[in-house]
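Counting begins at 1 with the first residue of the sequence. These values consider heavy atoms only, across backbone and side chains, with no hydrogens, waters or symmetry-generated copies.
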Amino acid sequence: MRGGGAATLDRIAWVELSSVTLPLAVPVSDAKVLTGRQRPMTEVAFLFAEIGTEDGHEGIGFGYSKRAGGPGQFAHAAEIAPALIGEDPSDIGRIWTKLAWAGASVGRGGLAVQAIAAIDIALWDLKARRAGLPLAKLLGAHRDSVRCYDTSGGFLHAPLEEVVDNAEAALASGIGGVKIKVGHPDHAEDLRRVTAVRERLGDAVPLMVDANQQWDRPAALRMGRALEEFGLTWIEEPLDAHDAEGHADLARALDTPIATGEMLTSVAEHCALIDARAADVLQPDAPRIGGITEFLRLAVLADHHRLRLAPHFAMEIHLHLAAAYPSEPWVEHFDWLDPLFDQRLEISGGRMHVPARPGLGITLSEQARAWTTRRTRAGARP
């Protein structure tokens, strides 16, 4: 027997899950590759969730995994998806809790909540589409555009001249800042790369660096001091993502802001950073921490502690969430996901603009459908 009172106006009729493998144009390397911890990245696995209701409303959400984990995310999502059938799609918070309990034996972080994230994001997309509003407007936007910076052109596999050319091209396209990778085993090489980019772009352009967790505490302090002269917007992940104490020490010792958080997989893990005052810039990733529902919980905590916000990756989702953050945030530009969607985000004047389309404003491309490696469905799709 289905529950729900007079306020339940619609119910979830079907859920379709797809695993899509996105090939990258060239193998991508950051400091983790150069230090032997990982292999170059050649593809990204995406988990897409499409949800439909009895009244014909639909929503789409996605999560992702780099290098490993994609099949696990898909398998867990397939196990818990049947619990959605018959639920009121508006009860997103209650549904999140129901799905978390459905997989409680594997915890409330990591792969378990990443499987929930794609579903949760689809429910928020559905709600905004049904309201006829961009997701940012449904959440209560503070702005219609967000400062954006480019990352995809600054990886360590690219020669220095290519990195500099990519940075100039990003600015010419309307992007407002540039982030390059550091963490090379030879610290002098890192400084050479930062020097070349800063000299070419000038002092006024926002410039960030990302060490991808590859320094120990002494090296991070030495490099942080050496990098002070470049007027960086932030130094990202100088230490292991879970070293809250070490990040806090750096934040106190350096004038350059410290940014971290992208590798954490729950709100609770971010709370450890916040409690330790370990970050000046928090970088949560909605697909990694459990979706939009969990991101909004974290955003309230971040704002309460007057932290700057710069969500990681997935700009198609994070643009809307950053637009709803009270203080001026940043959003990260990656062009990797362009083949997956029929739409493109507008970028001009250093900012990424919230689309007028309802929901997230995205639909899956035929190419994404062609890259689908597995699919499953719960309920009956018309």
(message) Has H320 got a side-chain atom pairing as donor or acceptor with A136's backbone, closer than 3.5 angstrom?
(response) yes

(request) Could you tell me which non-hydrogen atom of M263 sits nearest to which non-hydrogen atom of A241, and how far apart they are? (result) CB-CB, 3.9 Å

(message) Grouping I, L, V, M, F, W and Y whenever their side-chain heavy atoms are under 4.5 Å apart, do V20 and V44 come out in a common cluster?
(response) yes

(message) For E16 and R381: C-alpha separation, side-chain torsions, deciding distance, then whether salt bridge (charged side-chain N to carboxylate O under 4.0 Å, His left out) applies.
(response) CA-CA 8 Å; E16 185 165 295; R381 183 171 187 171; 3.6 Å; yes

(message) Applying a strict under-4.5 Å side-chain criterion to I, L, V, M, F, W and Y, I'd like to know whether L126 and L139 cluster together.
(response) yes

(request) Look at the side chain of D243 and the backbone N and O of G246, then say whether any donor-acceptor pair between them is shorter than 3.5 Å. (result) yes

(message) Whether E58 and R129 form a salt bridge (side-chain N of Lys/Arg under 4.0 Å from carboxylate O of Asp/Glu) is what I want to check.
(response) no

(message) Please enumerate all residues that pass side chain to side chain donor-acceptor pair (under 3.5 Å) together with T53, with sequence neighbours excluded.
(response) D10

(message) Using modelled atom types and a 3.5 Å cut-off, is there a donor and acceptor pairing between side-chain atoms of H270 and backbone atoms of G261?
(response) yes

(request) Flag yes if L156 and V28 sit in one hydrophobic cluster, no otherwise; membership is Ile, Leu, Val, Met, Phe, Trp, Tyr, and two members link when side-chain heavy atoms are under 4.5 Å apart. (result) no

(message) Which residues pass the side chain to side chain donor-acceptor pair (under 3.5 Å) test with R344, not counting sequence neighbours?
(response) none

(message) My understanding is that only residues two or more places apart in sequence, or in another chain, count here; which of them pass side chain to side chain contact (heavy atoms under 4.5 Å, CB included) with V164?
(response) L160, A196, V197, R200

(request) Mind jotting down which residue pairs meet the side chain to side chain donor-acceptor pair (under 3.5 Å) criterion with at least one end in residues 131-143? Sequence neighbours excluded, please. (result) K137-D144

(request) Would you please name every residue forming a side chain to side chain donor-acceptor pair (under 3.5 Å) with R225, sequence neighbours left out? (result) none

(request) Identify the heavy atoms of L319 and V354 that sit nearest to each other, and give their distance. (result) CD2-CA, 3.9 Å

(request) Kindly write out the residues that satisfy side chain to side chain donor-acceptor pair (under 3.5 Å) with D30, not counting sequence neighbours, or none if the list is empty. (result) K32

(request) Using the six-membered ring wherever Trp is involved, compare the ring planes of F313 and W336 and label them parallel, tilted or perpendicular (cut-offs 30° and 60°). (result) perpendicular

Residues 248-260, side-chain donor-acceptor partners within the protein, below 3.5 Å, at least two apart:
| residue | atom | partner | partner atom | Å |
| --- | --- | --- | --- | --- |
| D249 | OD1 | R252 | NH2 | 2.4 |
| T256 | OG1 | E228 | OE1 | 2.5 |

(request) List for me each residue that meets side chain to side chain contact (heavy atoms under 4.5 Å, CB included) alongside R277, sequence neighbours excluded, and say none if there are none. (result) none

(message) I'd like to check the side chain to side chain contact (heavy atoms under 4.5 Å, CB included) partners of Q73; sequence neighbours left out, ordered by chain and number.
(response) L47, S65, L111, Q114

(request) Give a yes or no answer on whether the side chain of D285 reaches the backbone of E262 with a donor-acceptor pair at less than 3.5 Å. (result) no

(request) In sequence, state the C-alpha distance, the side-chain angles, and the governing distance for S19 and R374, and then conclude on side chain to side chain donor-acceptor pair (under 3.5 Å). (result) CA-CA 5 Å; S19 181; R374 54 184 69 83; 3.2 Å; yes

(message) Determine whether F74 and L17 satisfy the following criterion, side-chain contact (heavy atoms from CB on, under 4.5 Å), listing intermediate values before the conclusion.
(response) CA-CA 7 Å; F74 179 84; L17 303 173; 3.9 Å; yes

(request) Measure the spacing between CD of E54 and CD1 of I12 and express it to the nearest 0.5 Å. (result) 10.0 Å

(message) I'd like to know if R192 and E199 make a salt bridge, using a cut-off of under 4.0 Å between side-chain N and carboxylate O.
(response) no

(request) Using the test side chain to side chain contact (heavy atoms under 4.5 Å, CB included), find all partners of T151 that sit at least two apart in sequence or belong to another chain. (result) Y149, F155, K179, K181, E332, F334

(request) Kindly compute the distance separating OG (S29) from CG (L34), expressed to the nearest 0.5 Å. (result) 6.5 Å

(message) Using modelled atom types and a 3.5 Å cut-off, is there a donor and acceptor pairing between side-chain atoms of R198 and backbone atoms of G202?
(response) yes

(request) Measure from the side-chain N and O atoms of N166 to the backbone N and O of G153, and report whether any donor-acceptor pair falls under 3.5 Å. (result) yes

(request) Give the C-alpha distance, both sets of side-chain angles, the deciding distance and a yes or no for ring pair (Phe, Tyr, Trp, His ring centres under 6.0 Å) between F62 and F341. (result) CA-CA 12 Å; F62 67 89; F341 306 113; 5.7 Å; yes

(message) Donor-acceptor pair, distance only, cut-off 3.5 Å: does the side chain of R357 make one with the backbone of P134?
(response) no

(request) Mind checking the NE2-CG spacing from H305 to L273? Nearest 0.5 Å is all I need. (result) 11.5 Å

(message) Do W101 and L84 land in one hydrophobic cluster if side-chain heavy atoms of ILVMFWY residues count as linked below 4.5 Å?
(response) no

(request) Output the distance between atom CD (E79) and atom CG (L99), rounded to the nearest 0.5 Å. (result) 12.5 Å

(request) Calculate, to the nearest 0.5 Å, the distance between atoms CH2 and CG belonging to W124 and L321 respectively. (result) 9.5 Å

(request) Determine the minimum heavy-atom distance between I362 and Q343, stating which atoms define it. (result) CA-OE1, 3.2 Å

(request) Considering non-hydrogen atoms only, spot the tightest contact between H318 and P284 and give its length. (result) NE2-O, 4.1 Å

(message) Given 3.5 Å as the limit, does a donor-acceptor pair link the side chain of H333 with the main chain of D150, or not?
(response) no

(message) Please check: side-chain N/O of Q214 versus main-chain N/O of N212, any donor-acceptor pairing under 3.5 Å?
(response) yes

(message) Please check this pair: side chain of Y325 against backbone of D303, looking for a donor-acceptor N/O pair closer than 3.5 Å.
(response) yes

(request) Mind checking salt bridge (charged side-chain N to carboxylate O under 4.0 Å, His left out) for R308 and listing every partner two or more places apart, or none if nothing turns up? (result) none

(message) Classify the ring geometry of Y64 against H312: parallel below 30°, tilted from 30° to 60°, perpendicular beyond 60°.
(response) tilted

(request) For S90 and R130, work out which heavy atoms get closest and say how close. (result) OG-NH2, 2.6 Å

(request) Scan residues 36-49 for pairs that pass side chain to side chain donor-acceptor pair (under 3.5 Å), counting only residues two or more places apart or in two chains. (result) Q38-R67

(message) Quick check: closest heavy atoms across R108 and A100, and the distance to 0.1 Å?
(response) NE-CB, 4.2 Å

(message) Less than 4.0 angstrom from a charged side-chain N to a carboxylate O is my criterion; do E366 and R369 meet it?
(response) no

